[in-house]
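Worksheet: one structure, shown below.
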There are 2 protein chains.
Amino acid sequence: MTPAQFFKCLSDDTRLRCITLLHKEGRLCVCELTAALALSQPKISRHLASLRQCGLLQDSREGQWVYYRINPELPAWTWPLLQNALAAVESTGHFKNDQVRLQQMDARPDTPLCC
Amino acid sequence: MTPAQFFKCLSDDTRLRCITLLHKEGRLCVCELTAALALSQPKISRHLASLRQCGLLQDSREGQWVYYRINPELPAWTWPLLQNALAAVESTGHFKNDQVRLQQMDARPDTPLCC
DNA sequence: TTAAAGTATACGGAAAAGCATATATTTATG
DNA sequence: CATAAATATATGCTTTTCCGTATACTTTAA
């Protein structure tokens, strides 16, 4: 992944909101992101697929659900950028209303409540 | 400027190369950038205009030449991102061959040698 | 084995981005 | 004033991005 490609990943609000929530929550399935951002499932799925294809995200299927997380093996130079990107989102107040629907502790990870 | 817009500015190689050189040199005119990157003048001019319009760059005409610099009044949240972006470019070795043609000290700023 | 939930992808269209080329504009200079 | 240099913009085109909708795939559960 080149720096320009990395920035392109972050250059769209939907992708940036997904990444922000994934960083906050650790991992989320598609339906949780769809519910949290109030966007259509194919839209979320397409953006997640593009982020996976460029190496920013990892996915793992668990039964019915596909969980996404930030790829822990990203190149070293991306980490400070990612940190500052999230800090920038935080400091500008963008997406401050985005939040994953609260889950009952004993409901995860088997059954996301959102679906 | 939103974070996503900021990242879009950095998501193109030509723009990233311009920003990298401008950060290194402080300020450069269009013909210096055109020569340093070996790209067409309209292409450079268009990218610089887009970066100026979104607030990332400032321009100032000095006689025949228009000098661009990184806008010193960028919002605070952009600075660490910019720093890390340049560090990323450096560490990945991209654009490592880009350099402004050396100027004789007494030739600047009146007459860029490149033109 | 059928149905339903969760997810991915195909398709078609709209909008934006990016480019090469040509031309206009501004400034300096003879 | 005419010309040349530096820069900006217009034009037409191709490519990419983004989206909504429809549909296919996968897994679970009845």
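From a predicted model like this one, the values you see are computed outputs, not experimental measurements. Side-chain atoms are counted along with the backbone in the values below, which use heavy atoms only and exclude waters and symmetry mates.
In terms of position along DNA chain D, the nucleotide closest to A/S40 lies nearer the 5' end than the nucleotide closest to the other residue of the pair A/G63 and A/S40.
Contact of A/R46 with D/dG20 (side chain to base): a donor-acceptor pair of N or O atoms is detected under 3.5 Å.
Between the CZ atom of B/R52 and the C1' atom of D/dT7 there is a distance of 11 Å, given to the nearest Å. Regarding A/Q5, its CD atom lies at a distance of 13 Å from the P atom of D/dT16, rounded to whole Å. Atom CD of A/Q41 is separated from atom C1' of D/dC25 by 12 Å (rounded to the nearest Å). Taking atom CG on A/D13 and atom P on C/dA16, their separation rounds to 15 Å, with Å as the unit. D/dC18 atom P lies 5 Å from atom CG of A/D12, rounded to whole Å. The CD-P distance, from B/E62 to C/dA28, rounds to 11 Å in whole Å. Atom NZ in A/K43 sits about 12 Å away from atom C1' in D/dT17, given to the nearest Å. Look at CG on B/D59: it is 11 Å from P on D/dT7, rounded to the nearest Å.
The side chain of A/Q64 lies closest to C/dA5, out of C/dC19, C/dA5, C/dT9. Of all nucleotides listed (C/dA17, D/dA8, D/dC19), C/dA17 comes nearest to the side chain of B/K8. Across C/dA8, C/dT27, D/dG20, the shortest atom-to-atom separation from the side chain of B/R61 is found for C/dT27. Side-chain proximity of B/C31 to the nucleotides C/dT9, D/dA6, C/dG18 is greatest for D/dA6. Distance from the side chain of A/W65 is smallest for C/dT7 among the nucleotides C/dC19, C/dT27, C/dT7. Here the nucleotide nearest the side chain of A/P42, chosen from D/dT9, D/dT21, D/dC18, is D/dT21.
When atom types are taken as modelled, the side chain of A/E32 and the backbone of A/C29 share a donor-acceptor pair closer than 3.5 angstrom. At distances below 3.5 Å, not a single donor-acceptor pair connects side-chain atoms of B/D98 with backbone N or O atoms of B/L37. Although no hydrogens or angles enter the test, the distance criterion places no donor-acceptor pair under 3.5 Å between the side chain of B/R69 and the main chain of B/Q58.
Between A/H47 and D/dT17, a side-chain N or O to OP1/OP2 separation shorter than 4.0 Å is absent. For the pair B/Y68 and D/dA8, the criterion of a side-chain N or O lying under 4.0 Å from OP1 or OP2 is met.
A/F7 and B/F7 have parallel rings, their planes meeting at less than 30° on a 0 to 90° scale where 60° marks the start of perpendicular.
A salt bridge links B/E62 and B/R27; the closest N-O separation between the charged side-chain nitrogens and carboxylate oxygens is under 4.0 Å.
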